[in-house]
2 protein chains.
Amino acid sequence: MANQKWLNSAEMKAWRGFVSTSYDLLNLIARDLEPFGIDGGDYQLLAMLSEAPNQKLKMCDLAEKLRLSRSGLTRRMEGVMKAKYVSQIRDEDDGRVIFAHLTKKGYDFIKTIAPHHLKSVRNRMIDLLSPAEIKAFGSGFEKIAKNVNSSD
Amino acid sequence: MANQKWLNSAEMKAWRGFVSTSYDLLNLIARDLEPFGIDGGDYQLLAMLSEAPNQKLKMCDLAEKLRLSRSGLTRRMEGVMKAKYVSQIRDEDDGRVIFAHLTKKGYDFIKTIAPHHLKSVRNRMIDLLSPAEIKAFGSGFEKIAKNVNSSD
DNA sequence: TACAACTAGTTGCGAGCACAACTATATCAT
DNA sequence: ATGATATAGTTGTGCTCGCAACTAGTTGTA
């Protein structure tokens, strides 16, 4: 175990770049949303719902997509429900289940903000990369994700 | 502003892959450290000090490297100081400054753990990527970092 | 020298999160 | 049917963090 192959300089650059930059990048993109009166967590929540069939998801599925615990989502829902962006609907077939549902107001809201978010993602990441880098990010993260998800 | 160019499929794959995978990856690598009795935050702290000249850094510089607020670092120091991995040393020249200093015990500790961490980084990321992907991650994050840092 | 402005670090406090315990409902085995 | 087990969601609690306010020490200006 003490006899590990250390990272060569290209590997080190990739690892260090990823670790030290990804936090800052995600943070900046989240901050770009604040002038529009929403934080990154709420934006992700509305975005997930807007892409879901009928703009609704079971609470537990939504929590998993957002990388939140079930309790974490319960609390985060308080804000977006108070703002009337999301409502809750009991499932008629399974009494345990509650759907989070994007309201018309929530839909209109995220439609308005999405172009700004898109611009932020372009300016801070996508438009800085060459086509080859874009492709490598896509294939690289795909491999990493496969491995991550097989680790349960 | 409503007339933004949407992401094409390669761009979308790169962005989505990055967003949804980077959190999980960093999380898993941090969890790999837990069997050794340390969390990701403390590991990063010890690692930064181990690479610094004389194994010491001013508190404010260390906070910046760790992406912590000054108060956040003050609190995190409590744990590693209690474990005797780090000590604090007042600067003789500037009475405001305190150095965080890696102790012998802290140095030995991180030396022991580093190979396991390295193995984790290899297994979960580096060894999954082709040389071309490694290179693209390195150059890509370098460009992103330059842009991020120019945004103050 | 003396006073203002700045910098380093700590403390009070509140936000956001996970974990454990709990309630309610559903499913499965006999 | 019925009792054990599993699943969905909420509530209580504690941890980590950032922000604002504070203390202490330094630097700049006159």
Side-chain angles (χ1 to χ4, degrees), chain A residues 22-24 26-31 33-34 37-46 48-49 52 56-83 85-101 152, chain B residues 22-24 26-31 33-34 37-46 48-49 52 56-83 85-101 152:
Chain A
S22 58
Y23 176 90
D24 291 343
L26 290 170
N27 218 260
L28 259 182
I29 290 174
R31 287 194 178 222
L33 292 167
E34 284 173 13
I38 190 171
D39 66 26
D42 283 356
Y43 183 87
Q44 289 302 321
L45 192 160
L46 300 186
M48 290 295 177
L49 290 180
K56 65 178 181 161
L57 282 172
K58 289 165 62 177
M59 289 284 284
C60 62
D61 292 342
L62 181 55
E64 193 177 352
K65 279 179 188 289
L66 295 173
R67 269 65 172 175
L68 280 180
S69 66
R70 298 197 310 275
S71 60
L73 177 57
T74 296
R75 266 66 176 255
R76 187 159 276 282
M77 287 286 289
E78 291 169 11
V80 289
M81 287 175 64
K82 193 168 174 186
Y85 294 148
V86 179
S87 62
Q88 288 188 320
I89 304 175
R90 279 219 110 76
D91 186 349
E92 294 179 355
D93 300 330
D94 187 335
R96 295 169 303 183
V97 169
I98 298 181
F99 289 99
H101 174 250
D152 289 358
Chain B
S22 58
Y23 176 88
D24 291 343
L26 290 170
N27 219 259
L28 260 182
I29 290 174
R31 287 192 178 224
L33 292 168
E34 285 174 12
I38 189 170
D39 66 27
D42 284 355
Y43 183 88
Q44 290 301 322
L45 192 160
L46 300 187
M48 289 296 178
L49 290 180
K56 64 178 184 165
L57 282 172
K58 287 164 63 175
M59 290 284 285
C60 62
D61 292 342
L62 180 55
E64 193 176 353
K65 279 179 189 289
L66 295 172
R67 269 65 173 174
L68 281 179
S69 65
R70 299 196 310 273
S71 61
L73 178 56
T74 296
R75 266 65 175 255
R76 188 159 275 282
M77 286 287 289
E78 289 168 12
V80 289
M81 285 175 65
K82 193 169 173 184
Y85 294 146
V86 179
S87 62
Q88 288 189 320
I89 304 175
R90 278 220 110 77
D91 186 349
E92 294 179 354
D93 299 332
D94 186 336
R96 296 168 302 183
V97 168
I98 298 182
F99 288 99
H101 172 251
D152 289 0

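Quick caveat: nothing in here was measured; it's all calculated off a predicted structure. Lettering of chains follows the sequences in order, A, B, ..., and the numbering in each one begins at 1.
- With rounding to the nearest 0.5 Å, the separation of CE in Met48(A) from CG in Leu62(A) is 8.0 Å.
- Rounded to whole angstrom, the span from the CD atom of Glu78(B) across to the P atom of dG9(C) amounts to 15 Å.
- Judged by closest nucleotide on DNA chain C, Val97(B) is the one of Asp93(A) and Val97(B) placed further toward the 5' end.
- One atom, CE of Met77(A), and another, P of dC17(C), lie 13 Å apart when rounded to the nearest Å.
- Taking atom CG of residue Asn27(A) and atom C1' of nucleotide dC17(D), one finds them 12 Å apart after rounding to whole Å.
- Rounded to the nearest 0.5 Å, atoms CD (Gln44(A)) and CG (Leu68(A)) are 10.5 Å apart.
- Comparing Arg76(A) and Leu73(B) against DNA chain C, the residue whose closest nucleotide sits nearer the 5' end is Leu73(B).
- Closest to the side chain of Lys58(B), from the set dA8(C), dT11(D), dC19(D), is dA8(C).
- Nucleotide dA15(C) holds its C1' atom 14 Å from the CG atom of Leu68(A), rounded to whole Å.
- Rounded to an integer number of Å, the gap from CD of Gln44(B) to P of dC17(D) is 12 Å.
- Note that CE of Met59(B) is 6.5 Å distant from CD1 of Ile98(B), once rounded to the nearest 0.5 Å.
- Using a 4.0 Å heavy-atom criterion, one finds that Arg90(A) contacts no nucleic acid atom at all.
- Atom CG in Asp61(A) sits about 13 Å away from atom C1' in dG9(D), given to the nearest Å.
- Atom CG in Asp94(B) sits about 12 Å away from atom P in dG28(D), given to the nearest Å.
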Exercise for the section: Go through the steps for Leu28(B) and Asp24(B) under the test side-chain contact (heavy atoms from CB on, under 4.5 Å), then give the verdict. Expected result: CA-CA 6 Å; Leu28(B) 260 182; Asp24(B) 291 343; 5.9 Å; no
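- At the heavy-atom level, Asp42(B) lies nowhere under 4.0 Å from the strands shown.
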Could you write out each protein N or O paired with an N or O of nucleotides 13-15 of chain D at a distance under 3.5 Å?
none

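- For CD of Glu64(A), the number of neighbouring non-hydrogen atoms (other residues, nucleotides, ligands) closer than 6.0 Å is 12 at most.
- Using a cut-off of 4.0 Å between Lys/Arg side-chain N and Asp/Glu carboxylate O, Arg76(A) and Asp39(A) are scored as salt-bridged.
- The shortest side-chain heavy-atom distance between Ile38(A) and Leu46(A) falls under the 4.5 Å cut-off.
- Taking every side-chain heavy atom of Arg96(A) into account, dT25(C) is the closest of dT25(C), dG9(C), dG9(D).
- Comparing Ser71(B) and Ile98(A) against DNA chain D, the residue whose closest nucleotide sits nearer the 5' end is Ile98(A).
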